[in-house]
**Student:** 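Handing you a structure now.
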Amino acid sequence: MKKDLLSIKDLTSGEIDSIFKLSASLKKNKKKFSKVLSGRSLALIFQKPSNRTRVSFEVGMYQLGGNSLYLSPAEINIGVRESIKDVAKTISRYVDGIVLRTFEHKNCLDMAQAADVPIINGLSDFSHPCQGLADLFTIKEKLRNLKNITLAYVGDGNNVCNSLLFAAAKTGMNITVATPKGYAPGQEVVKQAQAFAKETGSRIIITEDPFRAVKDAHVVYTDVWASMGQEEEIALRKIIFKDFQINAKLLANAAPQVLVMHCLPAHRGEEITDEVMDSGNSIVFDQAENRMHVQKAILIKLLKGV
Ligand code: CP
Ligand code: NVA
């Protein structure tokens with residue numbers, strides 16, 4: 001049976017570990033894997049803009065010997081020009097895998113159900129699994145470990161936050177999420193993450209106090225205050241989130257060697273200052289690079305069924 005990657009909550013801890021091991025080999029030894037997906041094709045169906053996800057999947061697929069096709073809303077206007085089911089069934093006849101970047105997560109589920117090839121969620125309003133996996137791979141690379149590590153996520157309880165919650169809970173990393181009132185991650189997500197955490201020993205804290213969150217953190221993470229699709233809320237969110245900026249004052253409460261992460265794109269001067277983003281603590285571009293290594297591992301596993 002084909003496998004999809006729609007959310008980290010669907011992966012076992014062992015599968016995550018195996019993705020990380022393969023990612024590390026791919027990063028170390030590019031040449032060895034240069035033909036592993038030869039003759040295979042990947043479609044990228046994107047309903048939202050992208051830099052990292054598009055470029056890292058396209059280049060990653062090329063480096064594995066395969067090819068990719070980018071399909072913008074101008075070509076595949078899901079649900080308008082054609083139903084999602086018909087898109088999935090048709091594209092499955094041409095390619096070996098599909099990356100979908102979309103709004104409603106239900107589109108990922110519907111496409112996965114109708115398609116005959118693996119579907120990879122390249123970001124939905126609910127989750128961003130490739131990001132979460134690359135982030136934990138990066139933390140492991142920098143700190144050697146995930147157990148006994150605490151990540152403080154400060155900002156909006158959004159898709160990236162959900163994926164980090166699941167990733168932490170599945171790998172035994174501790175996570176503290178600090179959001180303004182009313183912007184915490186959904187109760188169902190927290191409940192599911194807590195259930196996974198029980199098995200791995202991960203500690204999950206949800207708070208509205210960013211200072212408390214960063215105090216014992218090894219890693220501080222943020223994302224934009226208004227995600228794609230929330231553009232009309234930008235002005236209001238700038239007011240609501242103003243005390244949740246990652247700046248020197250907040251980081252004065254964290255360990256001096258704390259790592260700073262951001263999935264990017266960053267809105268400098270909003271959720272993160274230039275000073276922090278350009279400091280020696282920031283690993284945001286290592287994180288961006290690792291998207292490609294981790295996604296290559298995901299592609300090999302899903303497209304080859306290994
Ligand atoms: N982090 C991330 O997914 O970036 P893009 O939106 O540029 O793909
Ligand atoms: N939360 C952001 C992440 C972008 C990579 C968004 O969905 O726009």
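A quick note: this is a predicted structure, and the numbers were derived from the prediction, not measured. Whatever order the structure lists them in is the order used to number ligands and atoms, beginning at 1. Only this structure's heavy atoms are used, side chains among them; waters, hydrogens and symmetry mates stay out. Note that the numbering runs from 1 along the sequence shown for the chain.
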**Student:** Atom 4 (C) of ligand 2: which protein heavy atom is closest, and how many Å away?
**Tutor:**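 In this structure, atom 4 (C) of ligand 2 has Leu123 CD1, 3.8 Å as its nearest protein heavy atom.
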**Student:** Can you list every protein residue that has a heavy atom under 4.0 Å from any atom of ligand 1, sorted by chain and residue number?
**Tutor:**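 Only Ser50, Asn51, Arg52, Thr53, Arg101, His128, Gln131, Cys263, Leu264, Arg291 have heavy atoms that fall under 4.0 Å of ligand 1, ordered by chain and number.
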**Student:** Only one of Val99, Leu123, Thr102 forms a side chain to side chain contact (heavy atoms under 4.5 Å, CB included) with Phe46, so which one is it?
**Tutor:**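 That would be Val99.
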**Student:** Checking Lys296 side chain against Met61 main chain: does a donor-acceptor pair fall under 3.5 Å?
**Tutor:**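 No, Lys296 side chain to Met61 backbone: no donor-acceptor pair under 3.5 Å.
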**Student:** Can a non-hydrogen atom of Asp125 be found less than 4.0 Å from any atom of ligand 2?
**Tutor:**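 Not so, Asp125 does not reach ligand 2.
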**Student:** Starting from atom 5 (C) of ligand 2, find the nearest protein heavy-atom neighbour and note its residue, name and distance.
**Tutor:**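 Going atom by atom, the protein heavy atom closest to atom 5 (C) of ligand 2 ends up being Leu264 O, 3.6 Å.
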**Student:** Just to confirm my output: which protein heavy-atom neighbour is closest to atom 3 (C) of ligand 2, and how far is it?
**Tutor:**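 Nearest protein contact, heavy atoms only, for atom 3 (C) of ligand 2 is Asp223 OD2, 3.6 Å.
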**Student:** For Trp225 and Phe241, take the angle between the two ring planes, folded into 0 to 90°, and tell me which bin it lands in: parallel under 30, tilted 30 to 60, perpendicular over 60.
**Tutor:**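 Parallel, since the angle between the ring planes stays under 30°.
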**Student:** Quick one: nearest non-hydrogen protein atom to atom 8 (O) of ligand 2, plus distance?
**Tutor:**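 For atom 8 (O) of ligand 2, the nearest protein heavy atom is Met228 N, 2.8 Å.
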**Student:** Do any nitrogen or oxygen atoms of Ser227 lie less than 3.5 angstrom from nitrogen or oxygen atoms of ligand 2?
**Tutor:**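 The answer is yes, given that Ser227 and ligand 2 share an N or O pair closer than 3.5 Å.
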**Student:** Please report the closest heavy-atom contact between Ile139 and Ile149, naming both atoms and the distance.
**Tutor:**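 Heavy atoms of Ile139 and Ile149 come nearest at CG2-CG2, 4.1 Å.
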**Student:** Salt bridge check: are Lys140 and Asp17 linked by an N-O gap of less than 4.0 Å?
**Tutor:**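 A salt bridge is present here (some side-chain N lies under 4.0 Å from a carboxylate O).
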**Student:** So, are Lys3 and Glu15 salt-bridged, with charged N and O less than 4.0 Å apart?
**Tutor:**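 Result for this pair is yes, salt bridge flagged.
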**Student:** Under a 4.0 Å N-O cut-off, is there an ion pair linking Glu141 with Lys27?
**Tutor:**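 The answer is yes: the pair qualifies as a salt bridge.
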**Student:** Begin with the C-alpha distance, continue with both residues' side-chain angles, and end with the deciding distance and a verdict on side-chain hydrogen bond (donor to acceptor under 3.5 Å, both in side chains) for Thr53 and Arg101.
**Tutor:** CA-CA 9 Å; Thr53 308; Arg101 170 165 284 207; 2.8 Å; yes
**Student:** Which is it for Asp156 and ligand 2 at heavy atoms under 4.0 Å: side chain, backbone, both or neither?
**Tutor:**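 Asp156 to ligand 2: no contact under 4.0 Å from either part.
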**Student:** So, are Asp156 and Arg237 salt-bridged, with charged N and O less than 4.0 Å apart?
**Tutor:**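 Counted as a salt bridge, because a side-chain N and a carboxylate O are separated by less than 4.0 Å.
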**Student:** Using a strict 4.0 Å cut-off to heavy atoms of Asn158, name the atoms of ligand 2 that fall inside it.
**Tutor:**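 Ligand 2 atoms under the 4.0 Å threshold to Asn158: 1 (N).
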**Student:** Hey, is Asp216 close enough to Arg203 for a salt bridge, meaning N to O under 4.0 Å?
**Tutor:**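 No.
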**Student:** Side chain or backbone, does Lys48 bring an N or O within less than 3.5 Å of an N or O on ligand 2?
**Tutor:**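 Such a contact does not occur with ligand 2.
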**Student:** Between Asn159 and ligand 2, does any nitrogen or oxygen pair lie at a separation below 3.5 Å?
**Tutor:**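 N/O-N/O distance below 3.5 Å exists for this pair.
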**Student:** Does Asp286 come within less than 4.0 Å of Arg291, counting only side-chain N to carboxylate O?
**Tutor:**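 The answer is no: the pair does not qualify as a salt bridge.
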